[in-house]
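Note that ligands are numbered from 1 as they come in the structure, with each ligand's atoms numbered from 1 the same way. Values below: every heavy atom of this structure, side chains too, minus hydrogens, waters and symmetry copies. Only a predicted model underlies this, so the values are computations on that prediction, with no experimental measurement involved.
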Amino acid sequence: MSHDPRTVSPSTYAVTAGRPPRTIGAAVNPPIVLSSTYVSEREPRPGDLMYARADTETWGPFEEALAGLEGSRHPALVFGSGMAAIAAALSLIPHGGRLVMPRHAYQVALGYARDLAERSQVELTHVDIDDTPAVVAALGGDRPASMLWIESPTNPMLEVADIPALTAAAHAAGALVAVDNTFATPLVQRPLEHGVDVVVHSVTKYLAGHSDVVLGAALADDDDLHTRLHAYRTTHGAIAGPFEVWLALRGLRTLALRVERAQASAAELAHRLSTHPAVLEVRHPSLPDDPGHARAAAQMDGFGSIIGVRPRGGADAADAVVSALRLWVPATSLGGVESSLERRRRFATESPTVPEDLLRLSVGIEHVDDLWADLDAALRSAVPID
Ligand code: PLP
């Protein structure tokens, strides 16, 4: 049984939420129920389980737990992937409406928005999301925006958006605000508290946390938006499998421990990298001279555990660093217990303004000194240092 998320700390809530009632002999974990349909007759009442494309009791505990962590009145809505949740959120834009979106964001989300624009479903305006006056200007004009999309920190450039200021400006222009909160997690950043309308997650990443699940979620506090997102999920059918959602809830139990450890290690590694002779540039909001530092300190309860590193010697040197590592896993995705990295521009579809030599590091929960030893050795072997 859940405690009230307002009376216990989020790390406690992540452990207690979505448990079955505490009765003698009851299981402490919710069951996985494998059923596509439910016994029913006559006109259904609100909340009745009918058919597993609409709702299932295996989704409920995770949806309740994530809603409590994000501070949503309505349960989260799980989707088959983060992209399915993003597609649902973008469906809230009226036909032909204008979407203001960061230049740097998850590349498949950017590609989907471009695709919508090419089919005249939306009009697309790109902005540098950390340039508040430019975003505010882009929201207004002759054709005010219908939706502002925010990623913060952005993937992979780690720009930090001023979420409260941008949300106020978007609402003044009559636009909805959606935030992809994947990089921060609700333990570090709760956009709904700043008045944001929709939050989406790639649950695949930190929330599930073990690189064994692909899953997404969307949350909205507003009754109408929640109903529309729920209807979109039921109609488009990008639903989650019961086992994946059960695994995600299991992952959520240790979210606080994993995030705490990974963030502390990321800040330490970013600090050490910032004086490494083989490194040209490091991006992590924990660094006092990082452009996003002050803003992140003001609106986040931490700085996240993704680091951007540009080794000296360009893209070839960056590739050589990836190949030389023995502990860090060369892989796409992020947010698992294992540390991983990739050079983002290896994808032809990555934004051309992302530097060719940028490595995106996802810091896991291994011992920081082991991570450093591997990184330091790879940098020294791959980059000629004079
Ligand atoms: N949002 C961000 C910030 C991501 O990094 C990703 C995937 O890498 C997604 C959304 C998409 O999530 P999924 O892969 O679960 O569809």
Tell me the nearest of Asn155, Val200, Asp180 to atom 10 (C) of ligand 1, using heavy-atom distances. Asp180

Taking the minimum heavy-atom distance to atom 15 (O) of ligand 1, which of Thr204, Leu334, Thr154, Val108 ranks first? Thr204

[X] to ligand 1, any heavy atom closer than 4.0 Å:
X	answer
His201	no
Val203	no
Ile86	yes

Sub-3.5 Å donor-acceptor pair from the side chain of Arg53 to the main-chain atoms of Ile239, do we have one? no

For ligand 1, which atoms sit closer than 4.0 Å to a heavy atom of Leu215? 15 (O)

Element-labelled atoms of ligand 1 that are located less than 4.0 Å from some non-hydrogen atom of Gly82: 12 (O), 13 (P), 15 (O), 16 (O)

Using a strict threshold of under 4.0 Å (side-chain N to carboxylate O), is an ion pair present between [Y] and [X]?
X	Y	answer
Arg103	Glu159	no
Arg233	Asp55	yes
Glu260	Arg258	no

Which residue and atom name correspond to the protein heavy atom nearest [atom], and how close is it?
atom	result
atom 16 (O) of ligand 1	Met83 N, 2.8 Å
atom 7 (C) of ligand 1	Lys205 NZ, 2.7 Å
atom 11 (C) of ligand 1	Tyr106 CE2, 3.3 Å
atom 12 (O) of ligand 1	Ser202 OG, 3.0 Å

Decide whether His104 and Glu151 meet the rule of one side-chain donor and one side-chain acceptor closer than 3.5 Å. no

If we only count N/O pairs under 3.5 Å, is Glu151 in contact with ligand 1? no

Would you call the rings of Phe303 and His284 parallel, tilted or perpendicular, taking 30° and 60° as the class edges? perpendicular

Return the orientation label for the Trp246 and Phe243 ring planes: parallel under 30°, perpendicular over 60°, tilted otherwise. parallel

Hey, mind stepping through Thr125 and Arg98 against side-chain hydrogen bond (donor to acceptor under 3.5 Å, both in side chains) and telling me if it holds? CA-CA 7 Å; Thr125 306; Arg98 198 155 64 79; 2.9 Å; yes

